[in-house]
Engineer: 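A single structure is presented below for examination.
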Amino acid sequence: MVRVRIAPSPTGSLHVGNARTALFNYLFARQNQGTFIIRMEDTDEARSSRESETSMLQDFQWMKMDSDEGPLQGGNFGPYRQTERLGLYNKYTQLLLNNNKAYPCFCSAEHIQEQREQKRSNNQPYRYDRACANLDADTVAKRIEQGESYAVRLRTTQEHVVVHDIIRGDIQFETDSFRDFIIVRPDGMPVYNYVVAMDDHLMEITHVIRGDDHISNTPKQVLVYEALGFPLPKFAHIPMILGKDQAKLSKRHGDTTVANFKEKGFLQEALINYLALLSWSPKTEREFFTMDELIQEFKLESVSKSAAVFDVEKLKWMNGNYIRQMEPNEYYKRTLDFVRASELFANGHISEKDIADEERFTKILLTVRDNLETLMDVGQYLQPFFTMPGLTKGINAELSTEAKEILELPTSKDVLEGFLGELKRVSNENNADGNPDSDTYIDAQTYKGLTKIVQKSSGAKGKALFMTIRVGISGEHKGPDMAELVSLLSVGSMIDRLRYTIANRL
RNA sequence: GUCCCCAUCGUCUAGUCAGGUCUAGGACACCGGCCUUUCACGCCGAUAACAGGGGUUCGAAUCCCCUUGGGGGCACCA
C-alpha cells in the first residue's frame, strides 16, 4: 500500500515549487491506489500561522489535489500538524538515551558557535569535537540534577551512509561532517531532521518524494531511522524549479504562488499540466494532459535529474489553449469572477444586469476569447463593447502607440468620416423618425457593404481601412473580429465613438 | 572552503541505461509567410543545442576520466 505525503510549512501561500512536489506525490499516490497525505510542518512558530495553513489548503483544493488525510479531515495517523505531535517524540528520545544511541550534550550553543566560526575562518570544515560523547553516567546524572541544560545528540557510529534514491540511484555520504548531530534542543524542542523521520515512520509513509534541496538532509534521517530500528521508506528527490536567472525560484522572481496564478486568470488545468511537464516528460511529443491522464502516464522513475526553469510564456500559451477549448457555458461561468474584478465593472460600465443577460454576454465573451492568454485579460478586451477610452469617465484616455500610428495614416480622416456618414445613412433608413438610437444594429453583411463604400470613397484598403475603423470605434489596435464587434454595438454608440475620435484624436 | 547533485536549441524537453537508424526530433518564445481586404486565432516555414578536453571503440550526444559551469546543503530553521 503506497502512502505519500506533502509536508509544507504554513508560512505563506502555496509556492509553485511545493505545488509541483505535491503534484508528483499526488499522481504517484493515485496511480497506485495509494494515500495522499498533507502534513503541516508548523513548528517554526514565528513564521507559521493558521491563516497560511488555511490558504494553502485552499490552494490544494483549487489545484484539485484532494488529500486523503490531513489537518482538516484527520485520519488514523494524526494529528497532522507537527506542533500537535510534539508529545509523541519523547519516548523515542528516552529510548535512544537508554540504548546509548544518543547522549546529553552540555556544550553551550555559544561555545559551539565559536568553534564553528573559528573553523570557518580557517577554511576548515567544522565537526563536533564530541566533548560530551563519553561522559560517565554518574557525571551526567549529577549535572542534570543540578539543572544544567543539555541538548541531545545522536551518536554516529558508521563512517558513511548510502541513500538509495529512485531517481538518482545510490548516493554516498561521509558522516564525518555532521556526526553526532543534535536531535533535541535544550528547551526540549526536537529538531527537524529527527522529527520528519519519526513522523514519516509513524504515518507509515512508504515513499518520501520531495525536492532535491533535501538530499543532504537524507543521510541524517537515515541515521535516525536506523537508530530507532525503523524500516526505511523509499526516497525520490525531484529537481528544483528555477527562475529565469537559474536560481531557485523564490518570491523575488515575482509571481510564484498558486494563488498568484489563480488571481491572474490561469486555469487549474493549465497550471497542473504545465507543472507536470517540468522535469518530467511522457517521452512522446504529446503535451496536453488532464489530471486523470497524468495519473495514467506519470512515471516517477522517469523524472529527470536536472532542474527546470519556470517559463511563464509557455504557461500562458498552454492556458490560452485551455481557455479556447472550454465549453461556452463553462467559459462564461469561469470568466465572471474576472469580469467582476475588472476596472470596467468597478466603474459601473459593466453591470450585474449585463452579466445576467447570459446569451448576449456569452456571445460577447466568445468574440474576445481568441485574444485571451489568461481569464484576467477579459477586462481589457471587453472594453470596446461597453465603453471607449476617453469617451467615458474613469477610463484611461491614452491611446497605445500602435493605435496612434494608425490614426496618423493619411487616409484616416476620410475613412472615419466616410464610415460615420454611412452609419448615419443606414440608421436613418432604419428609423422612421430619422434619429439614430441605441436600438439599431447592423449585421456583419451590412458592415462589409459599408466598408466597400468607404474603401472607394477614401481610397484606403486592407490594414489602413480596417485598422482605422477599429481604432476609431474601439480606441484599441487589437481585439475581436471587426464584423462581430460591429454587429454587437448599436449604431448610435458607434456614431458617438466615431465623432469623439474625429474631434479629439485626429 | 567543504559535501552532494546536475549539464542537448534562449526556455521546456526526446534521444543517454541496452553506442551506429541523430546531417540530433518536438514544444514555447523570436523571425518570415499564408489565411482574414484588419490585430488575434489557425496553418506553413526559417534560425537555433550535444559545455570543453582527454580516453575506450571500426563508430560516442550516448561509456570512462579530468576540467569548466550551474545549483543545493553544510544550524540548537523547516
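So that the names make sense, note that chain A is the first sequence line, chain B the second, and so on, each numbered from 1.
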Engineer: When you match A:Glu285 and A:Lys452 each to their closest nucleotide on RNA chain B, which lands nearer the 5' end?
Structural biologist: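 In this pair, the answer is A:Glu285.
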Engineer: Provide the distance between the two C1' atoms, one in B:rC31 and one in B:rG10, to the nearest whole Å.
Structural biologist: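 To the nearest whole Å, 14 Å.
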Engineer: Expressed as a whole number of angstroms, how long is the span from A:Phe310:CZ to B:rC12:P?
Structural biologist: 12 Å
Engineer: Categorize A:Gln82 for me: base, sugar-phosphate, or nothing, with a 4.0 angstrom heavy-atom threshold over every strand shown.
Structural biologist: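 Since only primed, P, OP1 and OP2 atoms lie under 4.0 Å of A:Gln82, the category is sugar-phosphate.
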Engineer: Would you mind pulling out the nucleotide paired to B:rU11, Watson-Crick or G-U wobble, both distances under 3.5 Å?
Structural biologist: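 WC or wobble partner is B:rA27.
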Engineer: NA contact type, A:Ala109, heavy-atom cut-off 4.0 Å: base, sugar-phosphate, or nothing?
Structural biologist: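 Base contact.
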Engineer: Indicate the ring-plane relationship of A:Phe298 and A:Phe24, choosing parallel, tilted or perpendicular according to the 30° and 60° boundaries.
Structural biologist: tilted
Engineer: Atom CZ of A:Phe298 and atom P of B:rU13: how far apart are they, to the nearest Å?
Structural biologist: 13 Å
Engineer: Rounded to whole angstroms, how far apart are CG on A:Leu485 and P on B:rC39?
Structural biologist: 15 Å
Engineer: Go through B:rC5, B:rA78, B:rC39 for me and flag the one nearest to the A:Arg168 side chain.
Structural biologist: B:rC5
Engineer: Between B:rU37, B:rG25, B:rG73, spot the one nearest the side chain of A:Lys248, thanks.
Structural biologist: B:rG73
Engineer: If we take the P atom in both B:rG70 and B:rA51, what is their distance in whole Å?
Structural biologist: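 So the two P atoms sit 15 Å from each other.
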Engineer: Could you check which of B:rC4, B:rU38, B:rG26 has an atom nearest any side-chain atom of A:Met482?
Structural biologist: B:rU38
Engineer: Think A:Gln246 has a side-chain N or O under 4.0 angstrom from the OP1 or OP2 of B:rU11?
Structural biologist: yes
Engineer: If you take atom types as modelled and just measure distance, does the side chain of A:Lys478 reach the base of B:rA40 with a donor-acceptor pair under 3.5 Å?
Structural biologist: no
Engineer: Between B:rC64 and B:rC17, how far apart are the P atoms? Round to whole Å, please.
Structural biologist: 9 Å
Engineer: Can you figure out which of B:rU38, B:rC41, B:rU37 approaches the side chain of A:Thr451 most closely?
Structural biologist: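 Ranking B:rU38, B:rC41, B:rU37 by closest atom to the A:Thr451 side chain puts B:rU37 first.
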Engineer: Please measure how far the P atom in B:rA7 lies from the corresponding atom in B:rG59, and state the result in whole Å.
Structural biologist: 26 Å
Engineer: Using the ring of A:Phe106 (Phe, Tyr or Trp, six-membered ring only), decide whether A:Arg143 places NZ or CZ under 6.0 Å from its centre and within 45 degrees of its axis.
Structural biologist: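 Pair A:Arg143/A:Phe106 counts as cation-pi.
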Engineer: Using the P atom on both, measure B:rA61 against B:rG19 and round to a whole Å.
Structural biologist: 14 Å
Engineer: What is the distance from CZ of A:Phe178 to C1' of B:rC3, rounded to the nearest Å?
Structural biologist: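 Result: 10 Å.
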Engineer: Nearest of B:rC12, B:rC39, B:rU37 to any side-chain atom of A:Leu465?
Structural biologist: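 That would be B:rU37.
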Engineer: Considering just the side-chain nitrogens and oxygens of A:Lys448, establish if one lies under 4.0 Å of OP1 or OP2 belonging to B:rU37.
Structural biologist: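 True: A:Lys448 side-chain N/O within range (under 4.0 Å) of B:rU37 OP1/OP2.
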Engineer: Determine the Euclidean distance between corresponding C1' atoms of B:rC44 and B:rG71; express it in Å to zero decimal places.
Structural biologist: 40 Å
Engineer: Can you tell me which nucleotide in B:rA27, B:rA78, B:rC28 comes closest to the side chain of A:Glu287?
Structural biologist: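 The answer is B:rA27.
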Engineer: Quick one: A:Met318 CE to B:rU11 P, roughly how many Å, whole number?
Structural biologist: 19 Å
Engineer: Inspect the surroundings of OH in A:Tyr150 and state if more than 12 heavy atoms from other residues, nucleotides or ligands are less than 6.0 Å away.
Structural biologist: no
Engineer: Check the phosphate of B:rG42 against A:Arg324, side-chain N and O only, distance under 4.0 Å to OP1 or OP2. Yes or no?
Structural biologist: yes
Engineer: Which nucleotide, B:rA78, B:rC28, B:rG72, lies nearest any side-chain atom of A:Trp317?
Structural biologist: B:rC28
Engineer: Would you mind reading off the distance between A:Arg127 atom CZ and B:rC74 atom C1', rounded to a whole angstrom?
Structural biologist: 11 Å
Engineer: Classify the side chain of A:Asp42 versus the base of B:rA78 as yes if they form a donor-acceptor pair under 3.5 Å and no if they do not.
Structural biologist: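 By the distance-only test, no, there is no pair.
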Engineer: Could you work out which one of B:rA78, B:rC5, B:rC3 sits closest to the side chain of A:Ile171?
Structural biologist: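 Shortest atom-to-atom distance from the side chain points to B:rC5.
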Engineer: Closer than 4.0 Å, any side-chain N/O of A:Ser216 to the OP1 or OP2 of B:rC5?
Structural biologist: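 For B:rC5, neither OP1 nor OP2 has a side-chain N or O of A:Ser216 closer than 4.0 Å.
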Engineer: Can the ring centres of A:Phe310 and A:Tyr274 be said to be less than 6.0 Å apart?
Structural biologist: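 For A:Phe310 and A:Tyr274, the ring centres are under 6.0 Å apart.
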Engineer: When we call it a touch if two heavy atoms are under 4.0 Å apart, what does A:Ile182 touch: a base, just sugar-phosphate, or nothing?
Structural biologist: base
Engineer: Tell me what A:Asn217 touches on the nucleic acid: a base, only sugar-phosphate, or nothing, going by heavy atoms under 4.0 Å.
Structural biologist: base
Engineer: Can a cation-pi geometry be assigned to A:Arg39 and A:Tyr80, taking NZ or CZ under 6.0 Å from the six-membered ring centre and within 45° of the ring axis?
Structural biologist: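 No.
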Engineer: Starting from C1' on B:rA78, measure out to CE on A:Met40 and report it in whole angstrom.
Structural biologist: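 Whole-Å distance recorded here is 13 Å.
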Engineer: Using heavy atoms to find the nearest nucleotide of RNA chain B for A:Tyr192 and A:Ile167 separately, return the residue whose nucleotide is more 5′.
Structural biologist: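 Final value for this comparison: A:Ile167.
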Engineer: Base, sugar-phosphate or nothing for A:Thr218? Non-hydrogen atoms, less than 4.0 Å.
Structural biologist: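 Answer is nothing: A:Thr218 stays at 4.0 Å or more from every strand.
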Engineer: Which of the following nucleotides, B:rA78, B:rC39, B:rU13, is nearest to the side chain of A:His214?
Structural biologist: B:rA78
Engineer: Indicate the ring-plane relationship of A:Tyr192 and A:His214, choosing parallel, tilted or perpendicular according to the 30° and 60° boundaries.
Structural biologist: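 The rings of A:Tyr192 and A:His214 sit tilted, inter-plane angle from 30° to 60°.
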Engineer: Provide the Watson-Crick or G-U wobble partner of B:rU2, both distances under 3.5 Å; none if there is no partner.
Structural biologist: B:rG73
Engineer: Looking only at side-chain N and O atoms, does A:Lys283 come under 4.0 Å of OP1 or OP2 in B:rA14?
Structural biologist: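 For B:rA14, OP1 or OP2 has a side-chain N or O of A:Lys283 closer than 4.0 Å.
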Engineer: Out of B:rA14, B:rU38, B:rA78, which has the shortest distance to the side chain of A:Ser281?
Structural biologist: B:rA14
Engineer: Think A:Thr43 has a side-chain N or O under 4.0 angstrom from the OP1 or OP2 of B:rA78?
Structural biologist: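 Result: yes.
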Engineer: Is the Lys NZ or Arg CZ of A:Arg179 less than 6.0 Å from the centre of A:Tyr128's six-membered ring, within 45° of the axis?
Structural biologist: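 No, a cation-pi geometry is absent between A:Arg179 and A:Tyr128.
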Engineer: Go through the N and O atoms of the side chain of A:Glu313 and the base of B:rU11, and report whether any donor-acceptor pair is under 3.5 Å.
Structural biologist: no
Engineer: How are the rings of A:Phe235 and A:His237 set relative to one another: parallel (under 30°), tilted (30 to 60°) or perpendicular (over 60°)?
Structural biologist: parallel
Engineer: Across all strands shown, which nucleotide pairs with B:rA60 by Watson-Crick or G-U wobble geometry, both distances under 3.5 Å?
Structural biologist: none
Engineer: Select base, sugar-phosphate, or nothing to describe what A:Arg116 touches, counting heavy atoms under 4.0 Å on all strands.
Structural biologist: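 Since only primed, P, OP1 and OP2 atoms lie under 4.0 Å of A:Arg116, the category is sugar-phosphate.
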Engineer: Between B:rG25 and B:rG45, how many Å separate the two P atoms, rounded to a whole number?
Structural biologist: 14 Å
Engineer: Across the strands shown, which category fits A:Ser306 at heavy-atom distances under 4.0 angstrom: base, sugar-phosphate, nothing?
Structural biologist: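 Answer is sugar-phosphate: A:Ser306 comes under 4.0 Å of backbone atoms only.
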Engineer: I'd like the C1' distance from B:rG15 over to B:rA24, given in whole Å.
Structural biologist: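 Nearest-Å result for B:rA24 against B:rG15 at atom C1': 8 Å.
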Engineer: Need one value for A:Glu174: base, sugar-phosphate or nothing, where a base atom within 4.0 Å counts as base even if backbone is also close, heavy atoms only.
Structural biologist: nothing
Engineer: Using modelled atom types only, decide if a donor and an acceptor are shared between the side chain of A:Tyr194 and the backbone of A:Ile182 within a distance under 3.5 Å.
Structural biologist: no
Engineer: Please report the distance, rounded to the nearest Å, between CG in A:Asp199 and P in B:rA78.
Structural biologist: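 It works out to 12 Å between those atoms.
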Engineer: Mark yes or no: A:Arg334 above the aromatic ring of A:Tyr332, with NZ or CZ under 6.0 Å from the six-membered ring centre and no more than 45 degrees from the axis.
Structural biologist: no
